[in-house]
Amino acid sequence: MIQGSNDVFEKVMDLAKRRGFIWPTSECYGAVAGFIDYGPLGAMMKRRVEDIWRDFYVIQEGYYEIECPTIAQESVFIASGHVKGFSDKMCQCPHCKEFLRADHVAEAGGIKNPSIMKNEELAAAIATCTCAACEEVLGTVEVFNFNLMFQTTIGPGSQRVGYLRPETAQGMFVDFSRLLRFYRDKLPFGAVQIGKSYRNEISPRQGMIRLREFTQAEAEIFVHPNEKNHHPSFKRYADYTMPLLTYIQQEKCEDAVPMSMQEAVDKGVIANEYLAYYVALTHHLLVTIGIKPERLRFRQHLPDERAHYATDCWDAEIRSERFGWVETVGLADRTDYDLNAHAKESGTAMTVFIQYDEPKKVARRRIIPNMSVLGKQYRTKAKAIFEALAIATPTAEGADVEVDGEKFHIPANLFEVRDEIVDIRGEEVVPHVIEPSYGIDRMCYAVLEQAYDEDTADGEARTVMRFSPNVAPIQVAVFPLMTRDELDTIAHEIARSLQKAGILAEYDDSGAIGRRYRRQDEIGTPFAITVDYDTKDDRTVTIRDRDSMKQVRIAIDKVPGTISALIDGSLTFALL
RNA sequence: GCAUCGAUGGUCUAGUGGUAUGACUUAAGCCUUCCAAGCUUAUAGCCCGGGUUCAAUUCCCGGUCGAUGCACCA
């Protein structure tokens, strides 16, 4: 079992570096904090995690993947609120040179509502406050905005500002109208995106947990606001049970309690069926990539922790040896906030026309003014009066309207009042958005950390990455027992047949067989095929299980099919 | 970003004001009939920049990265 669990992080990262999972970026020039390279095995493993994610969201849920640029023009992030809201007001202590959050300094100094102050006001207000680091009175300081978005310009000599996206989500929102057409104007529908996002973190630490460039897998699911409690497949996860840590429990410092999704929705613990469905699906997905259920919990955001637009938000947290509970997936009900914001900023409607079952008969009163008279009489003000008249409540004598503070009486003979019954066939609805947002790098870290194990084999320590077979970078190794007597030729043929079946198989004939097994154990290859002298007689080989180190003989022509089944989980080694 | 500590082949390490020790790994060969065996050989290293010095991997200053603490983490 794991010994000295305090330094599992170091052991895992050491192994990851040595064996080609994770490398510091551009190491020959000195690495840069907050950026990492995935080596050959890491990139393969990450790809497998992403492909499992695709299976869940694209194939099973039917939400197609799109791909938007990682750079977007400023308007996108003005609308999303990132230009304004994604920055911190900061100042530098003139005594100890420490950078401080200006609003935190103000709050500590008893100044109220620092967040609504302008920078100059805030600077003046905190002049009498003390620095949290050196405890000197600050005095004259400058307050500046530090935006967490990387900024760039688009085109040569251009003033046109662009930003590297801080989340992939906005791409799905700005494509809303196209997506709606693609899905033939019907709710619900969803779009997903797996890609890089960028945040210029002030001080990234913790290896691959907090990165400046990271991979997100996000789904934006557009739902009718009245239908959030009716997920069509909710039954599938209704009895799915997992530990939920509500904000109430957090305030009382209680532990997470197991609860089924049905119960969570019925008791109002999770806001609606849609959110609960994706909470369960997320749990399912994380367990599928090899996260241990006992290391998983779902934590509800505290009311003051929630983004201002989200009505409910849950984080999937994975317990790490080094970092404690790490937020790995965020599940939010973003309501109609984003679509409204982009509709307003872009001037494009972002609504769905929902047809009623039966057209509604609605009595409507129209006021039709006699413009030929009104126009001559009121000249430049005529248009404004016309607009005011349309919503006025006329009496038998006429209508009183107010334009720019000036009152006008319009006699009844200058307009006609028409009462009509019209058919209303439906209405424009701004969909709500349910957003599961996955941090792929954090998932990869959790997979690495939880796979790491040390055990003893024949009295010798063995390091083994116990990856779930579906995320292991190399899926099977093929060894000839000896490099002679045609054993190597047969082994090469087997490796080739596996590769033709789409399986990543690695052939190895160097050194003693035991060394080769150990080498594959350390990179988490779940199975190994060995060609021995019996193979020449009966066309069978041994298949060895990484975790138990047990071996079973199977016929050569069954190798690709058996390995495939073992990898996709439809067969387990114990059943061989 | 501030403070403290650290950085020697891929990994772990010895050591030094005159270019560096050992082990493991890796590669080639021999040997070997299933879990890091053995033998031979080979490859490979003093984080970067500046200063002091005849000479710096070593001493000094600055930087980068990493660990820890503080601050930060929409």
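Since we're looking at a predicted model, the values are computed, not measured. All chains are named by letter (A, B, ...) in the order of the sequence lines, taking the proteins before the strands, and each is independently numbered beginning at 1.
With a 3.5 Å ceiling on both atom-pair distances, the Watson-Crick or G-U wobble partner of C47(B) is G63(B). Here A71(B) sits opposite no nucleotide as a Watson-Crick or G-U wobble pair (both hydrogen-bonding atom distances under 3.5 Å). For A37(B), there is no paired base (Watson-Crick or G-U wobble, both distances below 3.5 Å). Using Watson-Crick or G-U wobble geometry with both donor-acceptor distances under 3.5 Å, A56(B) finds no partner in any strand shown. Pair assignment for C31(B): none, as no Watson-Crick or G-U wobble contacts are both less than 3.5 Å. With a cut-off of 3.5 Å on both Watson-Crick or G-U wobble distances, the partner of U26(B) is given as A42(B). G17(B) is unpaired under the Watson-Crick or G-U wobble criterion, no partner having all donor-acceptor distances under 3.5 Å.
The nucleotide whose nearest atom lies closest to any side-chain atom of Tyr533(A) is, among A27(B), C34(B), U33(B), U33(B). For Ala512(A), counting side-chain heavy atoms from C-beta on, the closest listed nucleotide (A36(B), U26(B), A37(B)) is A37(B). In the set U25(B), C34(B), U68(B), the nucleotide with an atom closest to the side chain of Leu481(A) is C34(B). Which of C12(B), U32(B), A37(B) sits closest to the side chain of Asp14(A) comes down to C12(B). Nearest to the side-chain atoms of Tyr517(A) among the listed nucleotides U32(B), C35(B), A36(B) stands C35(B). Of the candidates U68(B), U25(B), A71(B), A71(B) carries the atom nearest the Ser203(A) side chain, counting heavy atoms from C-beta on.
Comparing the C1' positions of G29(B) and U68(B) gives an interatomic distance of 49 Å, to the nearest angstrom. For the C1' atoms, the distance from C72(B) to A36(B) is 45 Å, rounded to whole Å. Here the separation of A67(B) from A28(B), taken at their C1' atoms, is 40 Å to the nearest Å. Of the C1' atoms belonging to A7(B) and G49(B), the separation is 16 Å, rounded to the nearest Å. Taking atom C1' on both nucleotides, C59(B) is separated from G69(B) by 29 Å, rounded to a whole Å. Separation of the C1' atoms belonging to G10(B) and U4(B) is 30 Å when rounded to the nearest angstrom. Spacing of P atoms, G22(B) relative to U41(B), comes out at 13 Å, to the nearest Å. Comparing C12(B) with G17(B), their C1' atoms are spaced 27 Å from each other, to the whole Å.
The CG-P distance, from Asp532(A) to C34(B), rounds to 9 Å in whole Å. If you measure from atom CZ of Arg210(A) to atom P of C72(B), you get 11 Å, rounded to the nearest angstrom. Ile22(A) places its CD1 atom 17 Å from the C1' atom of G10(B), with the value rounded to the nearest Å. The distance from atom CE of Met13(A) to atom P of U11(B) is 14 Å, rounded to the nearest whole Å. Following rounding to the nearest Å, Met482(A) (CE) and U33(B) (C1') show an atom-to-atom distance of 5 Å. The separation between Lys17(A) atom NZ and A7(B) atom C1' is 11 Å, rounded to whole Å. Atom NZ of Lys11(A) and atom P of C12(B) are 13 Å apart (whole Å). The separation between Ile36(A) atom CD1 and G66(B) atom P is 11 Å, rounded to whole Å.
Place Lys550(A) and Ala33(A) on RNA chain B by their nearest nucleotides, and Lys550(A) ends up nearer the 5' end. Looking at which nucleotide of RNA chain B each of His82(A) and Asp521(A) is closest to, the 5′-most match is held by Asp521(A).
The pair Asp453(A)-Arg462(A) does not count as a salt bridge, with every side-chain nitrogen at least 4.0 angstrom from each carboxylate oxygen. Glu327(A) has no carboxylate O lying under 4.0 Å from a charged side-chain N of Arg299(A), or vice versa, which leaves the two without a salt bridge. Between Asp521(A) and Arg544(A) a salt bridge is recorded (basic side-chain N to carboxylate O distance below 4.0 Å). Taking a cutoff of 4.0 Å between a charged side-chain nitrogen and a carboxylate oxygen, Asp547(A) and Arg466(A) qualify as a salt bridge.
Side-chain N/O atoms of Arg544(A) and base N/O atoms of C35(B) include a donor-acceptor pair closer than 3.5 Å.
Ala31(A) comes within 4.0 angstrom of the backbone, heavy atoms only, and of no base. Residue Gln551(A) is in base contact, counting any heavy-atom pair closer than 4.0 Å across all strands shown. Residue contacts for Arg484(A): at a heavy-atom cut-off of 4.0 Å it reaches a base atom on one of the strands shown. Residue contacts shown for Arg18(A) are limited to sugar-phosphate atoms, with no base heavy atom under 4.0 Å away.
In this structure, Arg297(A) satisfies the cation-pi test against Trp325(A), with its NZ or CZ atom closer than 6.0 Å to the six-membered ring centre and inside 45 degrees of the ring normal.
Aromatic rings of Tyr507(A) and His492(A) (six-membered ring for Trp) have centroids within the 6.0 Å cut-off, being under it. Outside the 6.0 Å centre-distance limit, the rings of Tyr198(A) and Phe214(A) are not counted as a close aromatic pair.
Counting only N and O atoms by type, the side chains of Tyr517(A) and Thr530(A) include a donor and acceptor under 3.5 Å apart.
U19(B) adopts a syn glycosidic conformation, its chi angle falling within 90° of 0.
Phosphate contact (OP1/OP2 of A37(B), side-chain N/O of Arg516(A), threshold under 4.0 Å): absent. Taking only side-chain nitrogens and oxygens, Arg515(A) never comes nearer than 4.0 Å to OP1 or OP2 of A36(B).
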